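Working notes for the structure below.
Order of the sequence lines fixes the chain letters, A, B, ..., with proteins taken first and strands second; residue numbering starts at 1 for each chain. These numbers come from a predicted model, not from an experiment.
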Protein chains: 2
Amino acid sequence: MKSEWEIFAAYLRKNGIRRSEQRENVLDVFLKTEKHLTIEELYFLSKKKSPEIGYATVSRAMKVICDAGLAEKVDFEDGITRFEHKFGHEHHDHLVCVNCGTFIEVRNDEIEKLQEKMAKSKGFTIIRHKLQLFGLCRECQNK
Amino acid sequence: MKSEWEIFAAYLRKNGIRRSEQRENVLDVFLKTEKHLTIEELYFLSKKKSPEIGYATVSRAMKVICDAGLAEKVDFEDGITRFEHKFGHEHHDHLVCVNCGTFIEVRNDEIEKLQEKMAKSKGFTIIRHKLQLFGLCRECQNK
DNA sequence: ATACCTGCAAATGTTTTGCGACTAA
DNA sequence: TTAGTCGCAAAACATTTGCAGGTAT
């Protein structure tokens, strides 16, 4: 199985995109952090390796990384875009706590099947979907 | 059963918010349009009744209208916020065509139940949820 | 050499906020 | 009278784009 880096290299080659230290540092930071990072967080973490890096470069790097299929944007409706790992992670939905902001990734095949069925009955072909459950996590309920 | 206007009036009274022609015109436009309107659309439509109205006033009015439980923000990930009717409309999900932008409102009780179950198993209490299925509608598939 | 890439600053695009004037209650 | 509202312009906010100089291939 190909690693993220191999996929990235192949994507760059195929699209005539050059290698660059900054972009690779952004990817490295992204891959090493098992958390949904914002561009701002990626920016500050990348600064440790590339102190001169600009916000725009991080933004551009994440676009390439998303296009390469390694990352995906997530929007929890708080106005900030986060990125989650895509490669090697099967599709999942999110349970988001509206109080503390923590979230859990969940998956339910039965729901996925029903979605497919529902779309088909309306003549739609689903390309992707987004299911977010907003509520209170166990801890926040007990406060 | 209370009408939207009665609910609105009650909400204003309860929260010490005054009546205003502009706000009522925005609400009137919103209620009379069975479509997911953007602030910009609401702004232009409201201008017909209140030519001097400002964008900010429409934005502020929609906030009050949402708070009163009559409208709800919808985000189809195209960067523009739309508003849909909430009062007297039961919860539903959206099937959105990524090609032409049209959408259908759908509802599936079985999915709702499974969501509840899934959340409960993780200790979450759901307050609201959002399910969006992005794909191609019948017409766009045949092109 | 030639595109691609970079950091910076400026631009973008949508929505919100500050302000002095206005007005409903 | 007085606190909520208004329209306008400016601010806010996250992200993107233009540009002139730098760099991988």
Please pick, from D:dT5, C:dT16, D:dT25, the nucleotide with the shortest atom-to-atom distance to any side-chain atom of A:R18.
D:dT25
Apart from A:I104 itself, which Ile, Leu, Val, Met, Phe, Trp or Tyr residues share its cluster (side-chain heavy atoms under 4.5 Å, direct or through members)?
A:L95, A:V106, A:I111, A:L114, A:M118, A:F124, A:I126, A:L131, A:L133, B:L95, B:I104, B:V106, B:I111, B:L114, B:M118, B:F124, B:I126, B:L131, B:L133
Using whole Å, what does the distance between atom C1' of nucleotide C:dG13 and atom CD of B:E40 come to?
10 Å
So, is B:Q22 close to the D:dT5 phosphate, meaning a side-chain N or O under 4.0 Å from OP1 or OP2?
no
Can you list the residues that meet the ring-ring contact (aromatic ring centres under 6.0 Å, His included) rule with B:Y55, with sequence neighbours excluded?
B:Y43
Here the distance between atom C1' of D:dC13 and atom CD1 of B:I80, to the nearest Å, is 17 Å
Name the nucleic acid region contacted by A:T38, choosing base, sugar-phosphate or nothing; use a 4.0 angstrom heavy-atom cut-off, strictly under.
nothing
Do A:H36 and A:F103 make the cut of ring centroids closer than 6.0 angstrom?
yes
Between A:T81 and B:Y43, name the one whose nearest nucleotide on DNA chain D is closer to the 5' end.
B:Y43
Counting only heavy atoms and a strict 4.0 angstrom limit, can you tell me which residues of residues 53-69 of chain B come near DNA chain C?
B:Y55, B:A56, B:S59, B:R60
In whole angstroms, the gap separating P of C:dA3 from CD1 of A:I17 amounts to 16 Å
Rounded interatomic separation in angstrom, taking NZ from B:K14 and P from C:dA25:
20 Å
Return the set of residues passing salt bridge (Lys or Arg N to Asp or Glu O under 4.0 Å) with B:E24 (not counting sequence neighbours), or none when no residue passes.
B:R19
Return the value, rounded to whole Å, for the distance between atom CG of A:D75 and atom P of D:dA14.
13 Å
Need one value for B:R19: base, sugar-phosphate or nothing, where a base atom within 4.0 Å counts as base even if backbone is also close, heavy atoms only.
sugar-phosphate
Could you state the CZ-P distance from A:R23 to D:dT23, rounded to the nearest angstrom?
15 Å
Separation of C:dT17 atom C1' from B:I39 atom CD1, nearest Å, is 14 Å
Atom-to-atom span, CD of B:E41 to P of C:dT14 - whole angstrom:
12 Å
Sorted by chain and number, sequence neighbours left out, salt bridge (Lys or Arg N to Asp or Glu O under 4.0 Å) with A:R82 holds for A:D78
Side-chain N or O of B:S20 closer than 4.0 Å to phosphate OP1/OP2 of D:dC6
yes
So if I apply the side-chain contact (heavy atoms from CB on, under 4.5 Å) rule between A:F76 and each of A:T81, A:V96, A:V98, which one comes out positive?
A:V96
Residues which pass ring-ring contact (aromatic ring centres under 6.0 Å, His included) with A:F30, listed by chain and number, not counting sequence neighbours:
A:H85
